[in-house]
Amino acid sequence: MKKKLKKSHNKKDYKKLLNSIRPLAAQIVRLKSDMKKMGMHTGDYDLIECSKCHLAEDVLADNRLVTFFNINVEDFEKVKFTKLKFMELKDSLFLCPNCGNIIKAKEF
């Protein structure tokens, strides 16, 4: 015989929880926006590499998002970073600023 599960939460509890989470969610959205403005990686998607020209993203220890050409890179200390930034289009699609290729980023 199956036992009926007792409802432990009602609408009031749900609304209370939702109202307590809203300010935190709004703060997270603001922080992510500020991070993007400062050139930092927000972690919404996997780092991008263009399959045509090999422009690639990486994140430095201070969380700055940088780009470089990933062609036979053996010594990362000698890599020259570019000032190029992939442009987010929509639905995880990014435009390569170097060659115009459109890349689908892998979301987390």
Side-chain angles (χ1 to χ4, degrees):
M1 193 183 265
K2 289 184 181 180
K3 288 185 179 180
K4 238 184 180 179
L5 293 176
K6 187 179 175 185
K7 274 192 173 180
S8 59
H9 300 289
N10 58 30
K11 268 188 174 180
K12 189 177 178 182
D13 291 338
Y14 174 76
K15 284 184 178 185
K16 185 177 176 183
L17 178 63
L18 191 59
N19 287 334
S20 69
I21 293 172
R22 274 197 179 110
L24 179 58
Q27 186 177 7
I28 290 169
V29 169
R30 283 191 303 275
L31 286 171
K32 287 177 113 176
S33 176
D34 290 346
M35 288 174 69
K36 282 183 180 182
K37 288 176 188 173
M38 293 188 305
M40 300 173 96
H41 185 59
T42 58
D44 295 338
Y45 61 90
D46 205 2
L47 297 172
I48 300 168
E49 181 172 353
C50 180
S51 59
K52 288 187 179 179
C53 70
H54 301 283
L55 182 68
E57 290 180 326
D58 203 356
V59 178
L60 301 181
D62 61 2
N63 204 35
R64 280 182 297 148
L65 184 64
V66 295
T67 56
F68 64 98
F69 288 98
N70 192 14
I71 302 171
N72 298 325
V73 175
E74 293 177 18
D75 187 0
F76 197 74
E77 296 293 322
K78 295 179 183 176
V79 168
K80 294 194 181 189
F81 298 121
T82 74
K83 292 187 179 195
L84 300 172
K85 299 290 179 198
F86 289 92
M87 187 172 84
E88 190 169 1
L89 302 173
K90 64 177 181 176
D91 301 326
S92 301
L93 294 177
F94 289 80
L95 177 68
C96 177
N98 186 61
C99 71
N101 189 27
I102 295 177
I103 301 115
K104 173 90 172 153
K106 295 176 188 170
E107 294 181 25
F108 289 125

Requested in this report: List for me each residue that meets side-chain contact (heavy atoms from CB on, under 4.5 Å) alongside K85, sequence neighbours excluded, and say none if there are none.
Outcome: none
Report summary line: d(L47 CG, N70 CG) to nearest 0.5 Å is 11.0 Å
Query - Connected via hydrophobic side-chain network under 4.5 Å: L60 and V79 - result: yes
Query raised in the report: Measuring from N101:CG to H54:NE2, what's the distance to the nearest 0.5 Å?
Result: 10.5 Å
Query raised in the report: What distance do N98 atom CG and T67 atom OG1 have between them, rounded to the nearest 0.5 Å?
Result: 9.0 Å
Query raised in the report: Does L55 reach the side chain of F86, with side-chain heavy atoms less than 4.5 Å apart?
Result: yes
Requested in this report: Measure the OG1-CG distance between T42 and N63 for me, rounded to the nearest 0.5 Å.
Outcome: 9.0 Å
Query raised in the report: When hydrophobic residues are tied together by side-chain contacts of less than 4.5 Å, even through go-betweens, does F68 share a cluster with L95?
Result: no
Query raised in the report: Under a 4.5 Å side-chain heavy-atom rule over Ile, Leu, Val, Met, Phe, Trp and Tyr, are I48 and L93 clustered together?
Result: no
Report summary line: Minimal heavy-atom distance between C53 and C50, with the atoms involved, is N-SG, 3.6 Å
Query raised in the report: With distance as the sole test, does K104 use its side chain to make a donor-acceptor pair with the main-chain N or O of D91 at under 3.5 Å?
Result: yes
Query raised in the report: Looking at NZ of K52 and CD1 of I103, how far apart are the two atoms once the value is rounded to the nearest 0.5 Å?
Result: 9.5 Å
Requested in this report: Look up atom CZ in R22 and atom CG in L18, then write down how far apart they are to the nearest 0.5 Å.
Outcome: 4.0 Å
Report task. Give a yes or no on whether V59 and L84 share a hydrophobic cluster (residues Ile, Leu, Val, Met, Phe, Trp, Tyr; joining criterion: side-chain heavy atoms under 4.5 Å apart). Result -> yes
